[in-house]
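Encoded as structure tokens, the structure appears first; notes follow it.
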Amino acid sequence: MTQPQKPAKIILKDGSTFTGIFFGQPKAVAGEVVFNTGMVGYPETLTDPSYRGQILVLTYPLIGNYGVPGKAKEDGLLKYFESDEIHIQGLIVADYSANYSHWNAKKSLGEWLQEHDIPGVTGIDTRELTKKLREQGTMLGKIVYGRHNIEFIDPNKKNLAAEVSVQQPVLYKKGRRRIILIDCGTKNNIIRSFLRRNISVLRVPWDYDFTREKADGIVISNGPGDPKMCQKTIRNVRKALKGNTPILGICLGAQILALAARANTYKLKYGHRGQNQPCLEVGTKRCYITSQNHGYAVDSRSIPRGWREWFVNNNDQTNEGIIHTTKPFYGAQFHPEASPGPDDTEFIFDAFVKAVNM
Amino acid sequence: MKKVLVLGSGAIKIGQAGEFDYSGSQAIKALKEEGIKTVLVNPNIATIQTSDYLADEVYFLPIDVHHVTKIIKKEKPDGVLLSFGGQTALNVGIDLDKKGILKRHGVKVLGTPVKTIMDTEDRDLFVRKLREIKLKAPTSKVATSVEQAAKIADQIGYPVMCRIAFALGGLGSGVAYNQQELTDLVKKGFSHAKQILIEEYLEGWKELEYEVVRDQDDNCIVVCSMENIDPMGVHTGESVVVAPVQTLTATENFRLRALAIKTIRHLGVIGECNIQFAFDPRSDDYRIIEVNARLSRSSALASKATGYPLAFIAAKLVLGKNLTELENSITKVTSACFEPALDYIVLKFPRWDLKKFRKVSDSLGSEMKSVGEVMAIGRNFEEVLQKAIRMLDTGMVGLVGNQKKFRNLSEAVAKPTERRLFAIAQAIRRGYSLDKIYQLAKIDRWFLGKIKNIVEVEREVKKHRLQNLPKPLLKEAKRRGFSDVQIGALTGSVETKVRQKRKRMGIVPVVKQIDTLAAEYPAKTNYLYLTYDGSGNDLDSRAGKQIIVLGGGPYRIGSSVEFDWCCVNSIMTLEKLGYNTIMINCNPETVSTDYDICDKLFFEELSLERVLDICDQEKPQGVIVAMGGQTPNNLALPLHKAGIKIKGTTPGNIDRAENRHTFSGLLDKLGIDQPEWKELTSLKAAENFANNIGYPVLIRPSYVLSGAAMSVALNKEELKKYLKKASAINKEYPVVISKYIIKAKEIDIDAVAEKGELVCYAISEHVENAGVHSGDATLVLPPQRTYLATMRQIKKIARQIAAALQITGPFNIQFIAKDNSVKVIECNLRASRSFPFISKVFKLNFIDLATKVIMGKTVPAIEKSSFALDYVGVKAPQFSFTRLKGSDPVQNVEMTSTGEVACLGDDFQEAFLKSLQAVGFKMPQKTILLSTGPVESKADFLPSVRKLAEMGFEFYATKGTADFLKTHGLKAKVLYWPLENKEPSTLSYIADGKIDLVINIPKNEQREELDNDYLIRRKAVDFDVPLITNMQLAKRLVEAMSEKSTQELEVKSWREYE
């Protein structure tokens, strides 16, 4: 109450408005409004490139508690973040904690947002806002500052993967075996997951024709937006499907893999974003708790011959993964690399690496 | 699996409370749903789980190997559930398994195997299991010499904690930061102990808990994470706890989750369990403290915190179900195989009643002392903290605004007591930096920062008068959990004015649902809370035929699971009558806060403000205040004045019974006798009055501030001493003095009336003479030793009072009977503690009847007299003195028991012996220590001693008693009094296990002997030797023992008593 408060207004496409207080950088932004139900992990979530173009609502009300860590690097990657920048357009929370406490924190969430020129809004009934998104589906929205109004922007009309992908190939050297990571907006932890298993990673741009490169495995990363925007990637992957090199698609990557196999994808009403999505491994009694962040999904009815459903969401029965019946091709709609989230499905990396090492 | 035996947890005691009624009830529901027959053993008659509509057979019998074996032989169950009845059930289960009884009778342990239970219960085995998978437990080793201690300390690394084995109250324990300090410490230690435990020092580490569920197909989920605000060193049951974890990063949180799952898989738990971690606040180092391979207090809390029905799901899993087959009972469409996402924060605050006990220390540590807890739900920390503090119902208005003084503030911040958080607020007010407070208290700075926010809002609000309090500030104060009372006090106004103002400004709370998925899917249930941190309601309230039942709040001494039984039964009757039911309660250990019990559950404060808020929202037809004990009863008049319809007896009449003056006047008018009493406002007047009526006198201080205990004064000196100690005596805080009648019987009547006409009643007599609080007394139903004429008088008086106060609903009157004259000592126009007992003994649900008449439904007259039973019910108190180090284990006018049991028998002796064993009384085999008080009581007890001698018991006695026995031809070996410091002494005999039973009848007069007696009693409790301190109880015990042995006690189910 000591600092002057800057009022913020959130306007959704359906006309509903919410008023709160700015933290971070007070400024107007527009994007697609989505909610995430994870209770921890804002430094990881905000730097996840899959959130490109989105205004993120965190349903857990108390945010900022443990501050934000420093920029320590490991293997050329920021140790505590999922990419080098904050990708969300804006952050909406209920009760921001400027007072943070953690031995590893270097600054507050507000300071960090400000540094990256991203607005945060606190004092919002995020549950009420989330219910709107649940009932009416993901909506366009904007955060308004002062009297300056801005237009709604639909980020899905852009090729977001192209925006967040690396421009040039980057090699992360570890062991003799090497995978190619098609970067449609990869999280650092996908790279770390291979480096930890002594696999070198060649990270290539989303539209890079990797088919000419020698690879022990191909990984199609997660990323933002509509998978159908990544036509070049789909075409390249389709070529790879003719061979036998192991392929793993994660999240957007899994959708691209499905499209390459000539399955179809569609937009979910409000997506899966959180750390508690149960995924049943088809044909088993095993269910895994997964970290997710996707607005699009593979249509399970469109899965072509030679492929089968690998995982199914145990809440809404949507597809959560596909697998080739004979070749080492895997697509996981969730995030086996977690970060933030449970590590239940890390075994997918183990299985894939095994295939890579064969 | 056709028939399953479920072991309950018995009486409520410190460390094992109502949470097991919740878990057992859920388990039985889950089994029934699968078509499995259930047999329940639980002598806790006040529980919901022992209702006639749940288990197929209920045994009100002791949960011990002897009785459970007999039940197994009789019922021949296929399986047994050990993990739903707390430590009691687990221990008995392990014993049954060890003795081969389960195997012999083909009873399968469902869920977590006994081997796993043992691995978690035995410290060494547990550490070994963790080592197998390379996980860390705190290191500790026993040293028997200074050199060895130094060696161990070197291995562990400094600082180390040195614990002196068997030191009372941690005496002599300490932290050593280097070898010099260690040498000093252990040298001192070895002067009075043979062993010293050298332990890794984890003080200041965070303490975290995770609730883990696992099925037989190895699906494993973590349902809830919890963080103790108090760091390591304070028992989690004594800690303020929040869920979910607040101060860990995602990496840390998911790492602990992974460790939890790894541990649980390795141990092989099936069902539900709890794992506790210590976590270094300066790095990512951790220790696994323990695993509870059963439902626990924490799992009950986690269930209520998340809406995930842990006990219900666990019961399904132990039957072999797969997690993915089970549905989320809140959304009804999503899976039970998920981890709840909360969009709120919950905070648990323990409730202590330490002032009720004599000589007990107020410091909190590794031993649990709290008797209950509350849980607050909200959308920010400040809100839940302040709500929880009010929910405790100890008169506090929130974190700030209480009249609390701290003599040594730094110490009050550093030392864990129930006052510490308030001291921290005060320290912030005084300008202590958060760093300084952290150094003292080791409570994470994040929590301290939130406390600071509350103090800052207080400071801002205080600058204004209510009239000019700006709207944004008022709104912020409400958002940060300030009540109208608090704001009124800060702005020179009162609650009602604040309420008017804020409602005029449109500042009202919103209703939110708990849905387990943070709004991702709509909830089908109405598990609700109110918050000011929000703009939208989750419910469109509809004013239908809604009735609110107010719950009992936190369990505490005097108000426990019995009121929860009343509330739940009332709700069930209302539902049958076609009403939509609303429950308001804030106690996570209850069944009434299960969201499947009622149409709408508000997990909320039982305060005037909050109940009115809910009434504003829900527009109920009325509120029932008669079921939840005194807490809701106290709200009757204020709610009525605020325009809320109170169902049943009118608030005016409730008040006439509550108000000592009007009630006394009424008794006089009706010609009903009562002990002489007077309200006094000066020491002189008190002395004069006591002189007039004659000693002994009973003194009741004003409860408003002091919370001081009632007491008995035998003479003028004691009266003066007491009144000086009980702080103020003046016009504002008068003292009530009444004649203390000795050697009289005490009798209770529990009844239901309709428009002043008695519908049904039950008269029970106390075994103990008047002077033992009715809550600590042993109750007998129907009475065995009360004159018929007395019974007639009691019934007549009950009729008169019912008519005079136009009672509609439940009520209870307590009487003192001496010779044939009867005096009324108390009257409550609400359900009393004994309603479940009388209802279950009679097999006539008094609450069902009461609820019907309250709702204006006439019930047919019940022709059931107290004498028609062919069996007897005996209700016995459960004490928790073992847990309360130093407390004097003696019954007096203040209630000190924490729970109760009741057993049935074909006669009094049988029911009595069963009930004693059900509260853990071990029948003596050979030796009894007697110190039987003043001469007249020695004489009184003489025939009993003769009987014991005939039965072959050997006696030990203190000098006076031994001499007395000798003159009457009875032999007793003389032992020295504790303070004589000579061998053979009473204390060493007790400690060495040479005594099976201590009968110690205290005499009050002499200070010296009081200390001696106290030391004997305390020793008995500390060494788990049965102790009797009441003459009537001792006599009845001897009688019963001479007539029946434990082997002869019948194993009959509740149904079989007809």
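Hydrogens, waters and symmetry mates play no part in the numbers below; they use all other heavy atoms, side chains included. Reminder, nothing fancy here: chain letters follow the sequence lines and each chain counts from 1.
When B/C220, B/P281, B/S335, B/S225 are compared by the number of non-hydrogen pairs under 4.5 Å with chain A, B/S335 comes out ahead. Counting heavy-atom pairs under 4.5 Å between each of B/V333, B/V222, B/T251, B/L248 and chain A puts B/L248 at the top. Among A/A98, A/A105, A/G341, A/P69, the residue with the largest count of heavy-atom pairs under 4.5 Å with chain B is A/G341. Top candidate by heavy-atom pairs under 4.5 Å with chain A, chosen from B/G449, B/G534, B/C337, is B/C337. When B/V510, B/I345, B/D533, B/I221 are compared by the number of non-hydrogen pairs under 4.5 Å with chain A, B/I345 comes out ahead. Ranked by heavy-atom pairs under 4.5 Å with chain B, the first of A/P340, A/P278, A/P61 is A/P61. The residue among A/D344, A/N104, A/L133, A/T130 with the most heavy atom pairs within less than 4.5 Å of chain B is A/D344.
Summarising the geometry of A/N276 relative to B/P340, their closest heavy-atom pair is ND2-C, 4.1 Å, with the distance given to 0.1 Å. Shown here for A/Q275 and B/F254, the closest heavy-atom pair between the two residues is OE1-CZ, 3.2 Å. In terms of heavy atoms, A/S101 sits closest to B/W446 at CB-N, 3.5 Å. Across A/Y66 and B/Q246, no two heavy atoms sit closer than the pair CD2-O, 4.4 Å. Residue A/G271 comes nearest to B/E520 through the heavy atom pair O-OE2, 4.4 Å, listed as atom of the first residue, atom of the second, then distance. Between A/E128 and B/G536 the shortest heavy-atom distance is OE1-CA, 3.4 Å.
Between the side chain of A/D125 and the backbone N or O of B/S535, at least one donor-acceptor pair lies under 3.5 Å. Although no hydrogens or angles enter the test, the distance criterion places no donor-acceptor pair under 3.5 Å between the side chain of A/N315 and the main chain of B/T334. A donor-acceptor pair under 3.5 Å links the side-chain atoms of A/R134 to the main chain of B/A519, judged by distance alone. Between the side chain of A/Y60 and the main chain of B/A341, no donor-acceptor pair closer than 3.5 Å is present. Proximity of a side-chain donor or acceptor of B/N219 to a complementary backbone N or O of A/K285 within less than 3.5 Å is detected.
Of the inter-residue distances, the one linking B/N380 atom CG with A/S97 atom OG reads 9.5 Å to the nearest 0.5 angstrom. Distance check, rounded to the nearest 0.5 Å: CZ of B/F447 to CG of A/N99 gives 11.5 Å. B/T247 OG1 to A/N65 CG: the interatomic distance, rounded to the nearest 0.5 Å, is 8.0 Å. Put simply, OH on B/Y344 and OG1 on A/T59 are 11.0 Å apart, with the number rounded to the nearest 0.5 Å.
When heavy atoms are compared at a cutoff of 4.5 Å, B/L448 does not approach chain A at all. Heavy-atom distances place the side chain of B/E382, and not its backbone, under 4.5 Å from chain A. Using a 4.5 Å cut-off between heavy atoms, B/E327 makes no contact with chain A at all. If you measure heavy-atom distances from B/P472 to chain A, you find no contacts under 4.5 Å at all. Proximity to chain B is limited to the side chain of A/F18, based on heavy atoms less than 4.5 angstrom apart. For A/Q277, the part lying under 4.5 angstrom from a heavy atom of chain B is the side chain only. With a threshold of 4.5 angstrom between heavy atoms, A/Y80 does not approach chain B through any atom at all. Of the two parts of A/L129, neither the backbone nor the side chain holds a non-hydrogen atom closer than 4.5 Å to a non-hydrogen atom of chain B. With a threshold of 4.5 angstrom between heavy atoms, B/R479 approaches chain A through side-chain atoms but not through N, CA, C or O. Of the two parts of B/D215, neither the backbone nor the side chain holds a non-hydrogen atom closer than 4.5 Å to a non-hydrogen atom of chain A. With a threshold of 4.5 angstrom between heavy atoms, B/R257 approaches chain A through side-chain atoms but not through N, CA, C or O. Using a 4.5 Å cut-off between heavy atoms, B/N253 touches chain A through its side chain atoms alone. B/D217 touches chain A through backbone and side chain together, each having a heavy atom under 4.5 Å away. With a 4.5 angstrom heavy-atom cutoff, A/D316 touches chain B via backbone and side-chain atoms both.
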Exercise. Would you sort out whether A/T126 and B/R379 count as a side-chain hydrogen bond (donor to acceptor under 3.5 Å, both in side chains), showing the intermediate values?
Key: CA-CA 10 Å; A/T126 44; B/R379 298 223 343 132; 2.9 Å; yes

Quiz prompt | Step-by-step side chain to side chain contact (heavy atoms under 4.5 Å, CB included) determination, B/T249 to A/H102 | solution = CA-CA 8 Å; B/T249 65; A/H102 196 274; 3.7 Å; yes

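Around atom NZ of B/K475, no more than 12 heavy atoms belonging to other residues, nucleotides or ligands sit under 6.0 Å away. The local environment of NZ in B/K524 is crowded, with over 12 non-hydrogen atoms from other residues, nucleotides or ligands closer than 6.0 Å. Residue B/K452 qualifies as open at atom NZ: its count of foreign heavy atoms under 6.0 Å is 12 or below. More than 12 heavy atoms of other residues, nucleotides or ligands shown are found within 6.0 angstrom of NZ on A/K107. Counting non-hydrogen atoms of neighbouring residues, nucleotides and ligands closer than 6.0 angstrom, the NZ atom of A/K71 reaches no more than 12 such neighbours. In the displayed structure, A/K6 atom NZ is contacted under 6.0 Å by at most 12 heavy atoms of other residues, nucleotides or ligands.
Residue-level contacts of residues 287-296 of chain A with chain B, in order of numbering, are A/C287, A/I289; threshold 4.5 Å between heavy atoms.
Using a cut-off of 4.0 Å between Lys/Arg side-chain N and Asp/Glu carboxylate O, A/R127 and B/D538 are scored as salt-bridged. The pair A/D95-B/R480 counts as a salt bridge, with a side-chain nitrogen and a carboxylate oxygen less than 4.0 angstrom apart.
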